[in-house]
Amino acid sequence: MAKVLECMFFSLILIFLIFVYTLSTPRTVRSIPQPRAAPNTCPSRISNETITPLDNTKHLLVSAFMDQRVKGFDIRIIGIFRRDSIQPLYCVFCCSGHISTTTRTTILQHTDNFGFPFTTTDVMCPIPQNCKATHVSLQTQQDRVKVFNQSWLPIRNQKGKEEKKFDFTVCVSTLFGDYNNVLQFAQTLEMYRLLGVDRVVIYNSSCGPDLDRLLQGYSQEGFVEMVPWPINKFLNPSHGWLFSRSGGDMHYHGQQATLNECIYRSMERSQYVLLNDIDEIIMPYHHNNLKLLMETLQHHHPNAGVFLIENFIFPKEHFEPNGKFNLSQWKGVPGVNILEHIYREELKANEYHRYKMIIQPRMVEQTSVHEPLKSFGEQYKVPVSFCRMIHIRGGTPPLLPVRELIEDKRLWDFTENLTVNVDKALERAGLLS
């Protein structure tokens, strides 16, 4: 028994000595910290606005698009730049959650500025290697520090993103001044629907309450895409097309910027884009819809990417004399009744002829209002006997008498369906009496 107790005593002493030694001996093996997950270093300040000021400049950014048609570049940022303060800029990309190194940009001002201080501008830049870019930012310095304080634009037209495809898109720019021409708007939209248009994109600075109600219905059904265009918040936009006559910061409420933005917005979604105003209808005269028209034109002109349609003015001051379409249900609806105006002005050989366009968007790089500035294919002026633009507006001064105008009732070929569809749209908006 004594020997057992003695063994237990020595065992306890040994355990105590080992414990003391462990505490007093410096550790040579330290715990290795677990690797942290790579942080998402792209800032949270992502702009979903249509117009975004570029910090430390007088410039505005509109949208960024993937565009690899021009060798050496991957991204095209559409902006509105002040022409007298262009400075070097650098692109920075968000690459799967990490910021890339900066790349020097090439700045391309659109040549049609009409003398205004601000003009539509493209900022071109390459994407660094091994960068799967989702967003892009511009900065005036080549360092990376300042980028955290700037806005990021989402890069659109990314490959692999499936979207609904359209045959025809109409780009309308821009609504301003509380525009409330409801009846003509409804008639034009329904006329385009009958001609085969799938989508109408409208850039809206301001419109009247009645038109707003009408457009809400079209937006809900997906036929109209409304794009906010708060240009007045940033600039003093001109109501005219020439600076020497109208003054202001930029041509006609930024019309050229919206047309170019709409082309790129539609580039991967629409086979053809029509560039015109809401009081204009590009009307085929040998075919009953745009699809048949374009199949014929492309068959005879396979290399053409731009089709120029000549403008014909139908003065709203002259009316069809019998009042055939002076319909009672439309009397309380504000706006012009296009079916009442059947007389058009003749083209004058010694005057400049204005055109609007049907384009293949992937074959146009930059556009002005009446013709492209840069394109990749051929241009074709469509004969007026084949297709012309019905432009119902105030007549050209001095206003000609009816006897000197030409009767043109092409719109009446569609009235059976047109009037019914317009009634439905107006009734849906609560605008029929």
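Here the structure is a predicted model, which is why all the values come from computation and not from measurement.
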Next item on the list: Decide yes or no on side-chain contact (heavy atoms from CB on, under 4.5 Å) for Asn311 and His370, but give the supporting numbers first.
Entry: CA-CA 10 Å; Asn311 175 56; His370 301 292; over 6 Å; no
Check: Checking side-chain contact (heavy atoms from CB on, under 4.5 Å) for the pair Phe118/Leu60: CA distance, chi angles, key distance, verdict?
Finding: CA-CA 10 Å; Phe118 286 81; Leu60 303 172; 5.6 Å; no
Checklist line | Verdict with reasoning, Asp67 to Asn157, per side-chain contact (heavy atoms from CB on, under 4.5 Å) | finding: CA-CA 8 Å; Asp67 182 14; Asn157 294 351; over 6 Å; no
Notebook entry, point to check: Could you go step by step and tell me if Thr111 and Gln366 meet the side-chain contact (heavy atoms from CB on, under 4.5 Å) rule?
Noted result: CA-CA 10 Å; Thr111 54; Gln366 294 179 353; 5.9 Å; no
Next item on the list: Carefully, step by step, assess Ser173 and Thr258 under the rule side chain to side chain donor-acceptor pair (under 3.5 Å).
Entry: CA-CA 6 Å; Ser173 63; Thr258 60; 3.3 Å; yes
Next item on the list: Start with the C-alpha gap between Asp55 and Arg45, add the side-chain angles, then the distance that decides, and say whether salt bridge (Lys or Arg N to Asp or Glu O under 4.0 Å) holds.
Entry: CA-CA 13 Å; Asp55 292 347; Arg45 192 179 161 193; 3.6 Å; yes
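With hydrogens and angles disregarded, no donor-acceptor distance shorter than 3.5 Å links the side chain of Tyr203 to the backbone of Ala257. At distances below 3.5 Å, not a single donor-acceptor pair connects side-chain atoms of Gln139 with backbone N or O atoms of Val92. Remark: side-chain polar atoms of Gln256 are paired, donor with acceptor, to backbone N or O of Asp112 under 3.5 angstrom. With hydrogens and angles ignored, the 3.5 Å screen pairs a side-chain donor or acceptor of Ser100 with a backbone N or O of Phe93. For the pair Thr119 (side chain) and Gln109 (backbone), a donor-acceptor distance under 3.5 Å is absent. Between the side chain of Asn181 and the backbone N or O of Val336 there is at least one donor-acceptor pair closer than 3.5 Å. Formation of a donor-acceptor pair under 3.5 Å by the Ser206 side chain with backbone atoms of Gly177 is found in this model. Between the side chain of Arg213 and the backbone N or O of Gly430, at least one donor-acceptor pair lies under 3.5 Å. Formation of a donor-acceptor pair under 3.5 Å by the Arg388 side chain with backbone atoms of Val384 is found in this model. Under a 3.5 Å cut-off, the side chain of Asn260 and the backbone N or O of Thr367 do form a donor-acceptor pair.
Looking at Gln379 and Glu371, their side chains never bring a donor and an acceptor atom within 3.5 Å of each other. Using modelled atom types, one finds no donor on one side chain facing an acceptor on the other under 3.5 Å when comparing Thr169 with Arg265. Between the side chains of Asp279 and His391, a donor-acceptor pair is found at a separation under 3.5 Å.
For the pair Arg83 and Phe116, the cation does not sit on the ring face, since its NZ or CZ is not both under 6.0 Å from the ring centre and inside 45° of the axis. Both cation-pi conditions hold for Arg410 and Tyr285: the charged atom is under 6.0 angstrom from the six-membered ring centre and inside a 45 degree cone around its axis.
Remark: aromatic rings of Phe223 and Tyr192 are distant, center separation not under 6.0 Å. Note: His287 and Phe386 meet the aromatic proximity criterion, with ring centroids under 6.0 Å apart.
The pair Arg76-Glu365 meets the salt-bridge criterion, with a side-chain N (NZ, NE, NH1 or NH2) lying under 4.0 Å from an Asp/Glu carboxylate O. For Lys374 and Asp122, the salt-bridge test fails: no basic side-chain N is under 4.0 Å from an acidic carboxylate O. Salt-bridge check for Arg193 with Glu221: passed, with a basic side-chain N closer than 4.0 Å to an acidic carboxylate O. Residues Asp277 and Lys356 are paired through a salt bridge, judged by an N-O separation under 4.0 Å between the basic side chain and the carboxylate. At a threshold of 4.0 Å, the pair Asp408-Arg344 counts as salt-bridged, since one of the basic side-chain nitrogens sits closer than that to a carboxylate oxygen. Ion pairing between Lys316 and Glu340 fails under the 4.0 Å rule for side-chain N and carboxylate O.
Within a 6.0 Å radius of CG in Asn130, no more than 12 heavy atoms belonging to other residues, nucleotides or ligands are found. Annotation for Gln87: atom CD counts as buried by contact number, over 12 foreign heavy atoms lying within 6.0 Å. Within 6.0 Å of the OH atom in Tyr252, the count of heavy atoms belonging to other residues, nucleotides or ligands does not exceed 12.
Note that CE of Met124 and CG of Asp74 are 9.0 Å apart. Values are rounded to the nearest 0.5 Å. The distance from the CZ atom of Phe414 to the CG atom of Leu195 is 5.0 Å, given to the nearest 0.5 Å. Rounded to the nearest 0.5 Å, atoms OG1 (Thr120) and CE (Met250) are 3.5 Å apart. In this structure, CD1 on Ile392 lies 5.5 Å from CG on Leu411, to the nearest 0.5 angstrom. To the nearest 0.5 Å, atoms NZ (Lys159) and CD (Gln68) are separated by 5.0 Å.
Gln298 is listed as a side-chain neighbour of Gln360, based on a closest heavy-atom distance under 4.5 Å. With contacts defined as side-chain heavy-atom distances shorter than 4.5 Å, the pair Tyr355/Lys381 qualifies. The shortest distance between side-chain heavy atoms of Glu345 and Leu405 falls below 4.5 Å. A heavy-atom distance below 4.5 Å is not found between the side chains of Phe234 and Asp249. Inter-residue side-chain proximity for Trp330 and Thr419 is flagged as met; some heavy-atom pair is nearer than 4.5 Å. Between Tyr90 and Arg104 there is a side-chain heavy-atom pair separated by less than 4.5 Å. Contact annotation: the side chain of Leu194 approaches that of Asn421 to within less than 4.5 Å [non-hydrogen atoms, C-beta and beyond]. Within the 4.5 Å cutoff, the side chain of Arg69 has heavy atoms near those of the Met267 side chain.
Taking each heavy atom of Cys131 and Ile127 in turn, the nearest pair found is O-CG2, 3.6 Å. Considering all non-hydrogen atoms of both residues, Pro154 and Ile46 come closest at CD-CG2, 4.3 Å. Nearest heavy atoms, Pro315 versus Gly395: CB-CA, 3.8 Å. Annotation for Tyr218 and Ala186: closest pair OH-O, 4.0 Å, computed over non-hydrogen atoms. Trp241 and Phe114 make their closest contact through O-CB, 3.1 Å (heavy atoms, listed as atom of the first residue, atom of the second, distance).
Each of Phe319, Phe312, Trp412 was checked for a ring pair (Phe, Tyr, Trp, His ring centres under 6.0 Å) with His341, and the lone residue meeting it is Phe319. The residue from Lys331, Gln184, Gln187 that alone fulfils the side-chain hydrogen bond (donor to acceptor under 3.5 Å, both in side chains) condition with Asn337 is Gln187. Partner of Leu290 under the side-chain contact (heavy atoms from CB on, under 4.5 Å) criterion, out of Val170, Asp167, Leu274: Leu274 alone. Remark: of the listed residues Ile77, Val123, Leu89, Leu89 is the sole one forming a side-chain contact (heavy atoms from CB on, under 4.5 Å) with Leu54.
Ring geometry, Phe176 versus His253: the interplanar angle falls under 30°, so the pair is classed parallel (tilted spans 30 to 60°). Ring-plane geometry between Phe168 and Tyr272 is classed as parallel, the angle between the planes falling under 30 degrees on a 0 to 90 degree scale with a further cut at 60.
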